Novice: 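Sharing a structure below in structure tokens format, with a few things to ask.
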Amino acid sequence: MDNYEGFLGQGSIVNNVTGPKSSKIFGQCRVSDTTLHEKATIGDFSTIRESEIGEMSSIQRHCDIWRLDLGRYTCVGRMSTIQGTKIGSFCALSWNLKIGGDDHDYHMLSTHPFWHNVSWGIAEDKKYSDFYHEKEYEEPCVIGNDVWIAAGVSICRNVHIGNGCVIGAGAVITRDLEPYSVVVGVPGKVIKKRFSDEIIERLERAQWWNLPINVIHDNLSLFRNSHLNEEILEKIEFLCEENKF
Ligand SMILES: CC(C)(COP(=O)(O)OP(=O)(O)OC[C@H]1O[C@@H](n2cnc3c(N)ncnc32)[C@H](O)[C@@H]1OP(=O)(O)O)[C@@H](O)C(=O)NCCC(=O)NCCS
């Protein structure tokens with residue numbers, strides 16, 4: 001059953017997709033078992049399965065997405081592959097990312113999946129195949145809010161990335177990251193924090209990313225100032241307190 005009311009580009013096919021009039025799926029996409037929220041967009045040639053795309057969030061062209069739970073106002077850059085992942089709001093994800101790929105068990109005789117995946121024509125028990133398929137993705141990757149992931153980053157399975165992190169271009173992230181860490185390299189190492197521990201604690205408490213959009217709109221100057229100072233922090237704390245739900 002499709003409840004998709006949004007724009008559908010040439011050659012795109014949807015199957016069991018829900019989305020309002022304001023959502024857009026551009027050309028040559030394959031989208032199935034997915035919910036799009038207000039003004040969500042999917043770029044050309046992307047494949048999206050079993051996912052939820054939040055308000056105003058966008059997946060750019062040539063992405064391959066499976067089981068992604070995406071918050072609002074988050075963008076995913078072109079040619080990215082994401083599997084089994086939950087991502088918060090106001091995240092800026094660059095291009096060419098690889099997030100959440102499953103691990104093959106290398107303790108066994110072979111790392112090739114033919115022994116459980118029926119599509120190779122050797123194993124025949126579909127139930128066994130499905131069981132292993134689900135098991136591989138039972139623990140999602142979790143990425144917080146206001147996270148910037150630069151170009152060409154890989155994030156391994158089951159990793160948790162805290163709010164406000166910055167991940168430098170080309171990094172490979174194999175371990176959990178604390179909020180507001182700046183991380184570079186292979187494997188990813190924390191080179192600094194964006195702010196002091198005290199400020200991070202206050203930002204974590206305030207959670208500005210949950211503010212109503214009209215409040216963010218009316219207070220854009222707080223975000224435009226080139227340095228976070230006490231005055232801005234106090235104002236954002238006040239707004240978050242005032243708009244708690
Ligand atoms: C991570 C990043 C933001 C760091 O910026 P920064 O805080 O100004 O960091 P600095 O330039 O002071 O570098 C600090 C150290 O980390 C190293 N470093 C910086 N970025 C790195 C990266 N991506 N990979 C490996 N090392 C890196 C620097 O060489 C430097 O090392 P040194 O102290 O031994 O000289 C930036 O380097 C980056 O990767 N930007 C990504 C740009 C991009 O992909 N944009 C796509 C559009 S979204």
Side-chain angles (χ1 to χ4, degrees), residues 24 26 29 39-48 51 53-65 68-83 85-101 141-157 159-204 208-209 213 216 220 222-230 232-233 236:
K24 290 191 175 86
F26 289 98
C29 294
K39 295 185 181 168
T41 57
I42 310 292
D44 298 319
F45 296 101
S46 287
T47 300
I48 318 285
S51 295
I53 314 296
E55 176 195 351
M56 209 53 203
S57 284
S58 66
I59 308 281
Q60 291 183 351
R61 58 191 182 277
H62 291 284
C63 284
D64 189 348
I65 307 289
L68 170 64
D69 181 350
L70 196 61
R72 59 181 188 149
Y73 288 76
T74 284
C75 59
V76 176
R78 60 187 179 271
M79 294 184 288
S80 295
T81 299
I82 305 181
Q83 303 179 331
T85 297
K86 183 174 166 51
I87 302 178
S89 299
F90 293 97
C91 293
L93 274 60
S94 188
W95 54 82
N96 255 323
L97 308 180
K98 309 284 169 270
I99 302 178
C141 279
V142 180
I143 296 173
N145 305 277
D146 186 28
V147 172
W148 172 30
I149 304 181
V153 166
S154 295
I155 299 177
C156 295
R157 270 227 68 65
V159 168
H160 287 217
I161 293 177
N163 296 317
C165 285
V166 170
I167 305 181
V172 175
I173 306 301
T174 57
R175 302 274 181 258
D176 293 356
L177 299 180
E178 285 183 9
Y180 290 89
S181 303
V182 179
V183 181
V184 298
V186 180
K189 295 277 180 240
V190 179
I191 54 168
K192 53 186 134 180
K193 290 286 188 88
R194 281 176 60 191
F195 306 113
S196 69
D197 288 349
E198 187 229 326
I199 294 178
I200 292 171
E201 208 183 304
R202 288 168 68 182
L203 289 169
E204 284 274 270
W208 67 260
W209 43 84
I213 297 304
I216 293 178
L220 264 187
L222 301 179
F223 294 89
R224 284 184 173 156
N225 196 306
S226 60
H227 277 93
L228 178 58
N229 57 34
E230 186 59 29
I232 294 174
L233 205 46
I236 209 85

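Counting from 1, the numbers follow the sequence of the chain as shown. Ligands are counted one by one from 1 in listed order, and the atoms in each one are counted from 1 as well. Note that this is a predicted model, so its numbers are computed, not measured.
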Novice: Using the side chain to side chain contact (heavy atoms under 4.5 Å, CB included) rule, pick out the option among I161, I173, I191, V153 that qualifies with V183.
Specialist: I173
Novice: Working to the nearest 0.5 Å, report the span between CD1 of I48 and CD1 of I42.
Specialist: 4.0 Å
Novice: Is the backbone of A150 close enough, under 3.5 Å, to the side chain of S94 for a donor and an acceptor to pair up by distance?
Specialist: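 No.
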Novice: Name the one of T47, D64, I65 that satisfies side chain to side chain contact (heavy atoms under 4.5 Å, CB included) with T81?
Specialist: D64
Novice: Does K193 have more than 12 heavy atoms from other residues, nucleotides or ligands lying within 6.0 Å of its NZ?
Specialist: yes
Novice: Polar pairs, ligand 1 vs protein, N/O only, below 3.5 Å.
Specialist:
| from | atom 1 | to | atom 2 | distance (Å) |
| --- | --- | --- | --- | --- |
| ligand 1 | 7 (O) | K192 | NZ | 2.8 |
| ligand 1 | 23 (N) | A169 | N | 3.3 |
| ligand 1 | 23 (N) | A169 | O | 3.0 |
| ligand 1 | 39 (O) | A169 | N | 2.9 |
| ligand 1 | 44 (O) | A151 | N | 3.1 |

Novice: Could you list the residues that satisfy side chain to side chain donor-acceptor pair (under 3.5 Å) with E204, not counting sequence neighbours?
Specialist: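 Listed in chain order: N163.
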